[in-house]
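Structure first, commentary second.
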2 protein chains.
Amino acid sequence: MSQTVDRALSILPLLAEGPADLGRVADRLGVHKSTALRLLRTLHEHGLVYRQSDQRYRLGARLIALAQEAMENLDIREIAHPHLVRLNEQCGHTVHLAVYEESEVLYIDKVESRYPVRMYSRIGKPVAITVAAVAKLLLADLPESERRLLADKLDYPMYTARSTPNAPAFLRELEKVRDQGWATDLGGHEESINCVGAPIRGGDGRVVAAMSVSAPNVVVTADELLTLLPLVRRTADAISGEYSGRTPVKEVAP
Amino acid sequence: MSQTVDRALSILPLLAEGPADLGRVADRLGVHKSTALRLLRTLHEHGLVYRQSDQRYRLGARLIALAQEAMENLDIREIAHPHLVRLNEQCGHTVHLAVYEESEVLYIDKVESRYPVRMYSRIGKPVAITVAAVAKLLLADLPESERRLLADKLDYPMYTARSTPNAPAFLRELEKVRDQGWATDLGGHEESINCVGAPIRGGDGRVVAAMSVSAPNVVVTADELLTLLPLVRRTADAISGEYSGRTPVKEVAP
DNA sequence: ATGAGCATTGCAAGTACTGCAACACACCAG
DNA sequence: CTGGTGTGTTGCAGTACTTGCAATGCTCAT
């Protein structure tokens, strides 16, 4: 809607691919170098881009700080976290929390017992939307029209032989998930990884988030993982209850 | 430099404080509501802000994804990480990695043994710049003039009785840190927490990052923590070596 | 029902953005 | 040391774009 801002913001995903110099940015934007320079300067003043020693631009630290605050404003994360930890303690597997926003599904929390360290590497990453259990749960709750529209728009990469192949199959799967109230991903993203997930609902019954437990084949078979389903659903329901109980609006002191 | 973009970007930190409606955004920006609306729309199209069900705006998920990619482009993090993990395994305490950028110090990695879960809650957060050991290390290496300028500009909140009280004291401390090649924070941020840190240097000797080990008083006394100093310095030096060894520039395939 | 409060849209005025071209600077080669 | 190519940077005039106003919708609470 606003040309100048639009151009400026287009720089960010461009720089996310890696550092770039002025000429490259101008080319990719399709504008004159001087224009790109002034946009970059403005972004720089706000700390969203950083100029490294070789004069090339890359994404800046303020962006990371902003994203941090953005996550902290998602109160579902705060409420869910202790439950995720408890679930992890009980079953020992990786636990995910994800939300849907603007045609994307994003992990916003993760508890992992075996590799306690690499966790940040996934938080914030978009989910494999056509196969992940949490994605199915979130999309299954969308209004009919929006769901069809999105399903048509998506790509269906065949990560494995068991990946969802196309839109009709995906829509069928979503129907199933919606009816049964839980979802799985059995080797649809990585051959040896299975997941089982359940939805978290707000006071009005709408799905506001989804959680899942993941484990590799070598640790537990898919069948064994499925025995955790009641536990997962209980956890999800507990989070739902707490979320709808407390009023989610935060008052700001005057 | 560009008024429109400047205004648009000013919305982001504003929304970081919490969701806001159109009127509030317009007021804070000092522009007409219709102007604010169009700026918000543009931000929305890029996924940087999200419109929640009550029509208020908050920071969007794309921001989190962008920050994720930004972090992955910081190659010092990648190189340092295994070293941080090893150090954590040896001493059992929390290990931090931080960088300096544009008058801010930011944690970009953290390994914590006791609470393996809460780690992301700090990564990306600006550091208490006047007291943290990593901050001292990073600022101590700034050019004289920049250091003085920054020291004057900073606030000196008294988190505890042992916090750095003012600019002169801070500058003296930085001198000391620079000379000795390591730094501590003994209860300067939280009464019962001590830290000891060491700098990570690039090939040209400049400090590119800093790391520290933190532990509460109740687990080890400050003196005991200081016995870890050689280990911390060895780890930092190992990272420095690996960082300067490999050429830090990444060539893009043509 | 009725009004208050909010978001939204069309439009005219004018400001601020754009692209050009000239300049400055660094780096490399001869 | 010097000329040349590749950068990034700045001043300027034209105009495309943004802006604020005022009027219109819309939703919710009374």
Side-chain angles (χ1 to χ4, degrees), chain A residues 1-12 14-15 18-60 102 143 202-204 206 247-252 254, chain B residues 1-12 14-15 17-60 102 143 203-204 206 247-252 254:
Chain A
M1 276 274 146
S2 162
Q3 190 191 54
T4 317
V5 178
D6 185 52
R7 284 173 172 171
L9 297 183
S10 302
I11 294 177
L12 297 178
L14 193 159
L15 290 184
D21 60 18
L22 179 59
R24 190 181 172 75
V25 172
D27 279 354
R28 295 280 301 265
L29 279 187
V31 300
H32 197 272
K33 277 191 304 184
S34 59
T35 304
L37 176 68
R38 285 181 278 240
L39 295 177
L40 280 165
R41 273 227 257 269
T42 311
L43 289 168
H44 180 92
E45 279 177 12
H46 285 259
L48 297 186
V49 310
Y50 178 71
R51 192 137 200 214
Q52 44 189 28
S53 43
D54 62 355
Q55 293 222 293
R56 290 187 306 170
Y57 295 90
R58 64 168 169 75
L59 295 180
E102 309 280 335
D204 55 358
R206 294 293 307 273
T247 161
V249 287
K250 282 179 186 169
E251 289 298 309
V252 177
Chain B
M1 275 271 143
S2 163
Q3 190 192 56
T4 316
V5 178
D6 185 53
R7 285 174 171 169
L9 297 183
S10 301
I11 293 177
L12 297 179
L14 193 159
L15 290 185
E17 299 169 15
D21 61 19
L22 179 60
R24 190 181 171 76
V25 171
D27 279 352
R28 295 278 303 263
L29 278 186
V31 298
H32 197 273
K33 276 191 302 184
S34 60
T35 305
L37 176 67
R38 284 179 279 240
L39 296 177
L40 280 165
R41 273 229 255 269
T42 311
L43 289 168
H44 180 92
E45 278 177 12
H46 286 258
L48 297 186
V49 309
Y50 178 71
R51 191 137 201 213
Q52 43 190 28
S53 43
D54 61 354
Q55 291 222 297
R56 292 187 307 168
Y57 296 90
R58 62 166 170 76
L59 295 178
E102 310 279 335
D204 54 359
R206 294 292 306 273
T247 162
V249 286
K250 282 181 187 169
E251 289 298 309
V252 179

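Computed from a prediction, not measured in an experiment: that's the story for all the values here. Just so it is clear, the values below take in all heavy atoms, side chains as well, and ignore hydrogens, waters and symmetry mates. All chains are named by letter (A, B, ...) in the order of the sequence lines, taking the proteins before the strands, and each is independently numbered beginning at 1.
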Original post:
Under the side-chain contact (heavy atoms from CB on, under 4.5 Å) test, which residues partner Asp27(B), sequence neighbours left out?
Top reply: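 Asp27(B) satisfies side-chain contact (heavy atoms from CB on, under 4.5 Å) with no residue once adjacent residues are dropped.
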
Subject >> Listed partners of Ala36(A) passing side-chain contact (heavy atoms from CB on, under 4.5 Å), at least two apart >> reply: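 Only Leu22(A), Val25(A), Ala26(A), Val31(A) meet the side-chain contact (heavy atoms from CB on, under 4.5 Å) criterion with Ala36(A).
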
Specify the separation, in whole Å, of atom [atom1] of [X] and atom [atom2] of [N].
| X | N | atom1 | atom2 | answer |
| --- | --- | --- | --- | --- |
| Arg7(B) | dA16(C) | CZ | C1' | 10 Å |
| Met1(A) | dG10(C) | CE | C1' | 13 Å |
| Lys33(B) | dG5(C) | NZ | P | 11 Å |

**OP:** Could you list the residues that satisfy salt bridge (Lys or Arg N to Asp or Glu O under 4.0 Å) with Arg51(A), not counting sequence neighbours?
**Re:**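 Once residues adjacent in sequence are excluded, Arg51(A) has no partner under the salt bridge (Lys or Arg N to Asp or Glu O under 4.0 Å) criterion.
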
Subject >> Qualifying residues under salt bridge (Lys or Arg N to Asp or Glu O under 4.0 Å), relative to Arg41(A), sequence neighbours excluded >> reply: none

Original post:
To the nearest 10 degrees, what angle separates the axes at the start and end of the helix from dA1(C)-dT30(D) to dC27(C)-dG4(D), five pairs each?
Top reply: 40°

Considering residues at least two apart in sequence or located in another chain, which fulfil the side chain to side chain donor-acceptor pair (under 3.5 Å) criterion with [X]?
| X | value |
| --- | --- |
| Arg28(A) | Glu17(A) |
| Gln55(A) | none |
| Tyr50(A) | none |
| Arg38(B) | Ser34(B) |

Subject >> Contact boundaries on DNA chain D for chain A, cut-off under 4.0 Å to non-hydrogen atoms >> reply: dG8(D) to dT18(D)

**OP:** Kindly state each residue pair satisfying side-chain hydrogen bond (donor to acceptor under 3.5 Å, both in side chains) with at least one member in residues 3-12 of chain A, sequence neighbours excluded.
**Re:**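 For residues 3-12 of chain A, and leaving out neighbouring residues, the side-chain hydrogen bond (donor to acceptor under 3.5 Å, both in side chains) pairs sorted by first residue read Asp6(A)-His46(B).
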
Original post:
Do Leu48(A) and Leu12(B) touch side chain to side chain, with heavy atoms closer than 4.5 Å?
Top reply: yes

Subject >> Flag side-chain contact, heavy atom, 4.5 Å: Arg56(B) against Arg24(B) >> reply: no

**OP:** Kindly state which residues belonging to residues 34-45 of chain A come within less than 4.0 angstrom of DNA chain C, counting heavy atoms of the residue only, listed by number.
**Re:**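 Those residues are Ser34(A), Thr35(A), Arg38(A).
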
**OP:** Hey, which sits more toward the 5' end of DNA chain D by its nearest nucleotide, Thr4(A) or Gly23(A)?
**Re:** Gly23(A)

Original post:
DNA chain D: His32(A) or Gln3(A), which has the more 5' nearest nucleotide?
Top reply: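 The residue whose closest nucleotide sits nearer the 5' end is His32(A).
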
